[in-house]
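Shown next, in structure tokens, is the structure this report addresses.
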Protein chains: 2
Amino acid sequence: MPKETFFNLPRDKRNLIISAAIEEFSKADYNTASINQICKKSNIPKGSFYQYFTDKLDLYVYIMTLAIEEKIKFFSDVISEFPALTLLEQIRLLFLKGLEFAKKHPQYAALAEQFTKENDESVKSAVIKEGEKQSEALFIQMIDNAKAKGEIDEKVDSVALSILLQSLNSAINRYMLDKFGNVRYEDNQEDINYFVDSLLNIIFFGIQNKND
Amino acid sequence: MPKETFFNLPRDKRNLIISAAIEEFSKADYNTASINQICKKSNIPKGSFYQYFTDKLDLYVYIMTLAIEEKIKFFSDVISEFPALTLLEQIRLLFLKGLEFAKKHPQYAALAEQFTKENDESVKSAVIKEGEKQSEALFIQMIDNAKAKGEIDEKVDSVALSILLQSLNSAINRYMLDKFGNVRYEDNQEDINYFVDSLLNIIFFGIQNKND
DNA sequence: AATATTAGTGACCACTTGGTCATATTGTTA
DNA sequence: TAACAATATGACCAAGTGGTCACTAATATT
């Protein structure tokens, strides 16, 4: 956690430091991201930085905490807003809302993507301690719930499906980058909806020819 | 490409440099990987290194080229060995053989994983120019072939399915890490076979309850 | 044996890194 | 106004980076 001196700073200065840090940690992994650059970008001297934070990790964990808070708030809002949907509808909603979230908060999305790439295990675990597995728990809960309702086959492996669904998020982003060279949802809304539905149709109905 | 001086080196010395480089580029991204460490590990002076390679990128692209060659050779061998299998059988074979490959050549597997994390776009594109998309082409060819045989539904989106299948590789690795804390195939062979089948069953037969 | 060519070497360069610390500045209380 | 505490500051540090280069050693060629 940042020192008291950081929270005593005027809001504007604090936000400037935060956004400079988000920018830096978004485009480079932990070790490559530079405190010097963050200081330069937010116009604070090196010495001041260490007046606010004990070290680099202190800042990084703090920034990630902010991002995780925002993400959890967003998803739980979406879920609780539509409790009666089928699993297919729930997941479809989650994917499309996820794209919306990434569109509205591209910094946080980039931050999360960068985190998945992180090599330094000690840094990763420091962040994970601040809570992260909750999204996987959410998926499994949704799946088991759908099983109880008889919506999907009992024999489907919940963990396998959960991991598969999580992989789809990055698959969607990869598809957008491959095909359009960017990840702007609004520019290619039709194509993306079609792609998301293609993936979900495969998952829900299988690929085997029904006319056999 | 390395300079002539490199290829004039005795085999042993060349291989020592190569394996030192593979080790270094496996455990850190391009920028973090250190030429100094590679020199130290392979017992060659800094100056000699630049006698063999024009720069860091020259070495990296060369190393990746070796890995790609090995991977392509392996997969095309597997495919041509069993031309008459159904798509499900082909893909199942590819995944399990893929695990076998990762087990026998963990360095190359680690190298590939590290590459997917790479941030430096200019470095990425330098490698991609040496050929990489061929695995995606392979999948799509397999899928279209299966469609022509009436094995799978014509309406399934080939590109979507191809990306989905590629996602499975990372899903498998993630699953193994989550569940066992390592990626050693032999230690948990049963579980992994079960997991692969779970994933493939989802893809091929869907998750919807057939008793509706 | 003398010469010309190629390869081996490590000190050195400019630069960047995360982090420290003595000093200067500011704000608050007496 | 004087004293004291809290904060701001940037020169500085040791350690690392990729890359260079003058020099030496070995090998081929004459």
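These values consider heavy atoms only, across backbone and side chains, with no hydrogens, waters or symmetry-generated copies. A, B, ... follow the sequence lines: proteins, then strands. Residue 1 opens every chain. On a predicted model such as this, the values are computed, not experimentally measured, just so you know.
Among the atoms of the strands shown, only primed sugar atoms or phosphate atoms (P, OP1, OP2) are found under 4.0 Å from some heavy atom of B:L9. Within 4.0 Å of B:L59, counting heavy atoms only, lies no atom of the nucleic acid at all. At the heavy-atom level, B:K56 lies under 4.0 Å from the strands shown only through sugar-phosphate atoms. Residue contacts for A:Y52: at a heavy-atom cut-off of 4.0 Å it reaches the sugar-phosphate backbone alone, with no base atom in range.
Computed from coordinates, the A:K13 NZ to D:dA8 C1' distance equals 7 Å when rounded to whole Å. Atom CZ in A:F7 sits roughly 18 Å away from atom C1' in D:dA6 (whole-Å rounding). The distance from atom NZ of A:K40 to atom P of C:dG18 is 12 Å, rounded to the nearest whole Å. Separating the OH atom of B:Y50 from the C1' atom of C:dG8 is a distance of 16 Å, rounded to the nearest angstrom. Note: CD1 (B:I35) to P (C:dG10) measures 17 Å, nearest angstrom. If you measure from atom CG of B:D55 to atom C1' of D:dG18, you get 9 Å, rounded to the nearest angstrom. As a whole-Å value, the separation of A:F49 CZ from C:dC21 P is 17 Å. If you take CG of B:D29 and P of D:dG18, they are 11 Å apart, rounded to a whole angstrom.
The side chain of B:K46 sits closest to D:dG19 out of D:dG19, D:dT7, C:dA7. Side chain of B:N8, nearest nucleotide from C:dA7, C:dT9, D:dT9: C:dA7.
Both A:T32 and A:Q51 lie close to DNA chain C; mapped to their nearest nucleotides by heavy-atom distance, the more 5′-ward contact belongs to A:T32. Mapping B:I44 and A:L57 onto DNA chain C by nearest heavy atom places B:I44 closer to the 5' end of the strand.
Relative to the six-membered ring of A:Y30, A:K56 meets both conditions, a distance below 6.0 Å and an angle of at most 45° to the axis.
An OP1 or OP2 oxygen of C:dG18 is reached within less than 4.0 angstrom by a side-chain nitrogen or oxygen of A:S34. Phosphate contact (OP1/OP2 of C:dT17, side-chain N/O of A:N31, threshold under 4.0 Å): absent. An OP1 or OP2 oxygen of C:dT16 is reached within less than 4.0 angstrom by no side-chain nitrogen or oxygen of A:N36. In this structure, A:S48 reaches the D:dT9 phosphate: one of its side-chain N or O atoms is under 4.0 Å from OP1 or OP2.
A distance of 4.5 Å separates CZ in A:F204 from CG in A:L87, rounded to the nearest 0.5 Å.
Enclosure of atom CD in B:E70 by more than 12 non-hydrogen atoms of other residues, nucleotides or ligands within 6.0 angstrom is indicated.
Residues A:L9 and A:I17 are in side-chain contact: their nearest non-hydrogen atoms beyond the backbone lie under 4.5 Å apart.
Using a 4.0 Å cut-off between charged side-chain N and carboxylate O, B:K41 and B:E23 make a salt bridge.
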